[in-house]
Protein chains: 2
Amino acid sequence: MIENSIENNTHLPLLQFATPKVMAASEIYIPEGKIFKKIFYIKKGILRNFFVTKSGEEKTIFFRWEGQIVAIPECIFDNQPTRQTWQALEDCELMEIDFDMVEKLSENNISLIKTRLGLAQKMLLEALKRVESFVLDKPEERYQKLIREKPEIIKRVADKHIASFIGVTPVSLSRIRKRLASQKK
Amino acid sequence: MIENSIENNTHLPLLQFATPKVMAASEIYIPEGKIFKKIFYIKKGILRNFFVTKSGEEKTIFFRWEGQIVAIPECIFDNQPTRQTWQALEDCELMEIDFDMVEKLSENNISLIKTRLGLAQKMLLEALKRVESFVLDKPEERYQKLIREKPEIIKRVADKHIASFIGVTPVSLSRIRKRLASQKK
DNA sequence: TAGTGAAATTATCTTTTGCTAATTTTTGTC
DNA sequence: GACAAAAATTAGCAAAAGATAATTTCACTA
């Protein structure tokens with residue numbers, strides 16, 4: 001399923017300038033501190049972005065997978081270096097597009113700006129849903145929702161990454177899994 | 001400080017159609033279930049939006065205050081009824097703008113769409129920062145950050161609303177406050 | 001200013017999580 | 001298929017949070 005297609009409409013000019021990028025699983029795509037002024041489309045694979053805490057732990061904030069268009073908000077919106085690291089979790093195939101190009105093309109292309117607005121809105125709804133879940137749900141419920149709503153993604157990602165995604169330690173997630181398994185019987 | 005001014009630039013057409021709305025403290029502004037197709041500018045006062053859980057508890061998701069432009073994402077982006085309630089926490093003065101009007105004006109006004117894009121991006125950065133804090137910080141740290149970064153807002157809002165905002169119960173927030181107070185000495 | 005209701009704090013008890021370390025299981029590679 | 005490294009689980013203990021209820025403090029209004 002294509003989540004944010006760039007292959008279906010009036011934005012062919014973008015694709016013209018897209019360049020392919022291939023990465024192996026576990027490879028670092030974007031290191032912390034970089035001002036990454038590209039957007040990219042994921043043709044294949046999963047990536048995650050994470051913070052490294054003072055004590056060296058990696059805290060995963062989001063997963064991104066095939067069909068999605070990704071922009072790093074702080075870089076693209078604010079021209080700031082990202083404090084996070086982006087890593088391929090599987091062998092990935094991306095299509096990169098220079099963002100300065102997008103900006104230039106946007107100047108007099110109202111349809112392209114509308115596309116950008118749509119993408120920002122989509123990302124916002126996703127982030128808000130996440131906030132909701134942190135406010136309303138216990139970790140156990142967040143985990144259950146995740147299995148229910150994104151089962152195929154969960155299977156492809158290590159539990160330790162899921163753990164920080166829902167805001168708990170890997171040990172705690174393991175206990176949650178155990179509790180849920182015993183309740184089912 | 002004006003956070004998202006609509007009074008300073010090329011968007012006077014919007015202001016033309018804005019209508020004032022005054023509310024008393026504790027009044028419900030937007031009830032759950034409504035498709036609220038307006039955006040509003042807060043001239044004065046604070047509002048909150050909250051979910052009501054099955055057990056009847058109110059869980060506050062955001063606060064909005066003077067200087068901000070507010071759009072209810074699910075209503076404006078997706079034409080969906082909101083599952084949240086909006087309530088004035090102080091006497092408020094708002095300026096309401098019909099969103100259909102904004103859409104119509106946007107069609108051939110690239111600058112207005114850019115403004116909308118900017119607003120969506122701003123909201124996204126805010127929501128992402130919130131997600132970060134849930135993943136990286138303990139409730140105690142979230143509370144400390146809040147006091148540090150929004151001291152004037154915190155003072156104007158009841159603790160029980162702060163509590164759900166940072167994802168804990170009012171009782172737990174009270175204990176956090178006690179712990180912090182004892183550490184200071 | 002006295003009285004009422006809501007908010008905040010405190011107390012008690014239970015559940016969950018974090019931390020650390022040990023153990024088991026899984027994964028990937030040679 | 002054997003080995004090494006990483007991931008996941010388990011265990012034990014301390015800290016924090018949830019639930020409930022009682023008590024104190026605060027805020028509003030009559």
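Protein chains get the first letters and strands the later ones, always in sequence-line order, with residue 1 at the start of each. In what follows, every heavy atom counts, from backbone to side chain, and hydrogens, waters and symmetry copies are set aside.
- The separation between B:L173 atom CG and D:dG18 atom P is 10 Å, rounded to whole Å.
- Between B:E90 atom CD and D:dC28 atom C1' the separation is 16 Å, expressed in whole Å.
- Taking atom NE2 of residue A:H161 and atom P of nucleotide D:dA6, one finds them 13 Å apart after rounding to whole Å.
- The separation between B:E141 atom CD and D:dA15 atom P is 17 Å, rounded to whole Å.
- At a threshold of 4.0 Å, the pair B:K59-A:E132 does not count as salt-bridged, since none of the basic side-chain nitrogens sits closer than that to a carboxylate oxygen.
- Taking the ring axis of B:F62 as reference, the NZ or CZ atom of B:R64 stays within 45° of it and closer than 6.0 Å to the ring centre.
- For the pair A:R179 and D:dT10, the criterion of a side-chain N or O lying under 4.0 Å from OP1 or OP2 is not met.
- Atom-to-atom, CD1 of B:I176 to P of D:dA16 comes out at 10 Å; the value is rounded to the nearest Å.
- Using a cut-off of 4.0 Å between Lys/Arg side-chain N and Asp/Glu carboxylate O, B:R177 and B:E140 are scored as not salt-bridged.
- Rounded to an integer number of Å, the gap from B:Y143 OH to D:dA16 P is 17 Å.
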Extract from the structure each pairing of a protein N or O with an N or O of nucleotides 19-22 of chain D at less than 3.5 Å, listing the distance.
residue, atom, partner, partner atom, Å
D:dA19, N6, B:R175, NH1, 3.4

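- For the pair B:R148 and B:Y143, the NZ or CZ position fails the cation-pi test of under 6.0 Å to the six-membered ring centre and within 45 degrees of the ring normal.
- Nucleotides of DNA chain C that come within less than 4.0 Å of any heavy atom of chain B span, from the 5' end to the 3' end, C:dA7 to C:dT12.
- Looking at A:L94 and A:L47, their side chains come closer than 4.5 Å, going by heavy atoms from C-beta outward.
- Atom NZ of A:K44 has more than 12 neighbouring heavy atoms from other residues, nucleotides or ligands inside a 6.0 Å radius.
- Rounded to an integer number of Å, the gap from B:K178 NZ to D:dT24 P is 14 Å.
- A side-chain donor-acceptor contact under 3.5 Å links B:E66 to the backbone of B:G45.
- Between A:F36 and A:Y29, the distance from one ring center to the other falls under 6.0 angstrom.
- Residue contacts shown for B:S174 include a base, since a base heavy atom lies under 4.0 Å away.
- At a threshold of 4.0 Å, the pair B:K145-B:D137 counts as salt-bridged, since one of the basic side-chain nitrogens sits closer than that to a carboxylate oxygen.
- Under 3.5 Å, the side chains of A:T82 and A:Q84 contain no donor-acceptor pair of N or O atoms.
- Remark: B:R156 is not positioned above the aromatic ring of B:F63, lacking an NZ or CZ atom under 6.0 angstrom from the ring centre and at most 45 degrees off the axis.
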Taking Watson-Crick and G-U wobble contacts under 3.5 angstrom, with | marking pairs to another strand and [ ] crossing pairs, the secondary structure of DNA chain C is written ||||||||||||||||||||||||||||||

